[in-house]
Each structure stands twice: as structure tokens, then as C-alpha cells.
Amino acid sequence: MEMDMEILIAKSTGFCFGVKRAIKEAEKTAEEKGSHIYTLGPIIHNPQVVGRLEEKGIYTKNSLDDIDGGTIIIRSHGVKVEEFIAAGQKGLDIVDATCPFVKKAQDLVSRLTAEGYTVVVAGKREHPEVKGLVSYGSRDLWVAETPDDLRGMKRCPKIGIVAQTTLAMKKLETIVNFCLSLASEIKVFNTICNATSIRQEECADLAGHVDVMVVVGGRNSSNTMRLTEICSAVLDRTHHVETADELKAQWFKDCMRVGVTSGASTPDWIIREVVEKIAKIGPK
Ligand code: F3S
């Protein structure tokens with residue numbers, strides 16, 4: 001008797017709150033303005049969604065110099081304060097879709113700077129969100145993903161710590177520990193968004209209960225890549241796909257249970273297509 005292959009979908013899949021909000025703002029803007037709508041860099045790290053938005057008239061530009069007029073949508077992970085000001089000076093209409101959790105972290109960097117703290121932004125220096133956070137501080141600011149990045153820092157009266165919203169909690173903890181030896185006053189704001197940590201915990205758990213794990217999301221999405229790493233550490237038979245077309249029947253040989261998870265920038269329709277295709281492939 002042939003048995004069905006069971007497909008288990010992680011509880012948190014699809015867009016996170018901030019991405020959902022940004023996409024909604026973008027679609028609303030497209031309906032209202034019709035044309036000359038831009039984002040600085042892709043609105044989210046998912047090529048299929050970016051492609052659909054292009055069909056609605058929202059285009060990605062890499063620099064403000066490439067935008068002469070119209071409307072600019074600020075992405076969920078924010079931009080540098082200089083870019084915000086420059087967009088206003090250029091006379092562009094600004095639709096600010098910065099996630100409120102990112103905005104809060106930006107405000108905290110400003111506040112700590114104004115209160116005379118040496119600010120440490122715990123996060124990845126090259127990430128656009130971190131570049132944005134840094135721009136709200138002064139020269140007395142450090143970016144650290146690990147304590148090594150703070151080796152040159154001298155003792156100072158007070159340190160204020162703010163985290164990139166998608167940072168792993170363990171990384172923040174090691175940075176806070178290191179800072180304890182550098183100042184007698186430390187103020188820590190835990191600005192890590194739990195949408196990321198919950199998803200990571202769920203996918204590790206799911207990977208432990210299935211034969212094959214499929215992670216769905218953009219190859220340029222760091223949170224999707226992180227989920228793939230986490231699942232691979234638990235289960236060798238982990239595969240990352242951007243779309244259903246990339247699924248291969250041989251992955252599901254002798255497989256009775258498949259787990260599916262997705263990054264925070266993967267839309268529901270792509271996840272649905274992947275699940276439908278896996279169901280069609282069935283157990284081999
Ligand atoms: Fe915002 Fe958290 Fe998503 S910071 S953009 S809700 S991952």
C-alpha cells in the first residue's frame with residue numbers, strides 16, 4: 001500500500017510584520033501614484049516579489065543620483081539619515097516604510113549619542129540596517145559583530161549598546177560581556193526582533209522531526225541563508241530553493257515527512273507553490 005508523504009509547515013512562514021507592512025505601503029503607493037516610484041536597493045531580498053512590484057511600476061535604484069523625481073519608498077530596514085535628508089532636498093515624495101522596530105533602534109542610537117554615551121552597534125557592518133543605524137550616531141561609535149571588533153576600544157565613562165534587529169542573541173550577549181570590562185556604566189537595549197529568533201528556533205525543531213527539510217527564500221536573503229544553515233546543522237537532507245521549479249524529485253527518495261520553512265521576505269504564494277509541488281512529487 002502506498003503511503004502519502006506528510007508535509008509539515010513551520011508555524012512562522014511568510015512575511016514578517018515589517019516586510020508585510022512595507023509591501024502593503026508599496027502597493028498602496030503604486031495605486032495612488034501610478035509611476036516614478038523607486039526604492040533604494042531592492043525593497044526586500046526576494047527577486048520574485050521585486051519582479052512583481054516592477055510590473056506595478058516600482059523600480060529599484062542603487063543610488064539617489066539615479067532618481068530625478070517622483071516617489072521614494074524607504075525599505076523596512078531603513079536608510080542612512082543622510083539619504084533621508086538628500087531625498088527630501090531633491091524634492092522627492094518620501095514614503096517611509098522603515099519597520100517600527102528598526103526605527104526604534106535608530107532613535108536609541110540618536111538618544112544615546114545625545115546623552116554622551118560611546119555607542120556600540122552590535123551587528124554586521126555591511127548590512128544596510130546597520131549602515132542606517134550608524135548614521136544616527138557620531139564618531140564615537142563602534143560596530144561589532146564579535147568582541148574582536150572592539151579590540152582597539154579604550155576604557156570610557158559610559159557605553160550604550162543597541163543591536164541590529166536580526167542579530168543572534170548569543171552575539172549580543174558576548175558583546176555586552178566584553179563591554180563590561182570597558183566602562184562602569186553600560187546601558188543595553190535589546191532591540192533584537194523576535195520574529196527572527198522564533199523562526200530560527202521553530203525550524204531547528206522541525207528539522208529534527210522530518211526526513212527532508214526545504215527552506216524557501218531568496219538567495220540574497222541573509223535570514224533565509226541563516227535558516228538553511230541552522231536546518232543543515234540538524235539535518236543533512238536540507239535544501240534551499242527560491243521557487244518550486246528548483247525542487248528535485250530525487251530529494252524525496254524514501255522520504256515520509258518533509259518540513260517546509262521560509263525566510264521573512266518570502267511571500268505566501270511562493271511557499272504555497274512549493275508545498276503543492278512537493279505534494280505532487282510524493283514519496284519516491
Ligand atoms: Fe521588522 Fe523584525 Fe521584520 S525588525 S522587518 S519585523 S524581522
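In this text, all values refer to a predicted model and were calculated from it rather than measured experimentally. Start at 1 and go down the list; that is how both ligands and their atoms are numbered.
Salt bridge annotation for E27-K24: absent, with no cationic side-chain nitrogen under 4.0 angstrom from a carboxylate oxygen. Checked for salt-bridge contact, E82 and K131 miss the test: no charged N lies under 4.0 Å from a carboxylate O. Taking a cutoff of 4.0 Å between a charged side-chain nitrogen and a carboxylate oxygen, D149 and R125 do not qualify as a salt bridge.
Taking each heavy atom of Q164 and K124 in turn, the nearest pair found is OE1-N, 2.8 Å.
T98 places a side-chain heavy atom less than 4.5 Å from the side chain of Q106.
Atoms of the protein (N, O or S only) found under 2.8 Å from atom 1 (Fe) of ligand 1 are C99 SG.
The closest donor-acceptor contact from the side chain of D93 to the backbone of G70 lies at 3.5 Å or more, if one exists at all.
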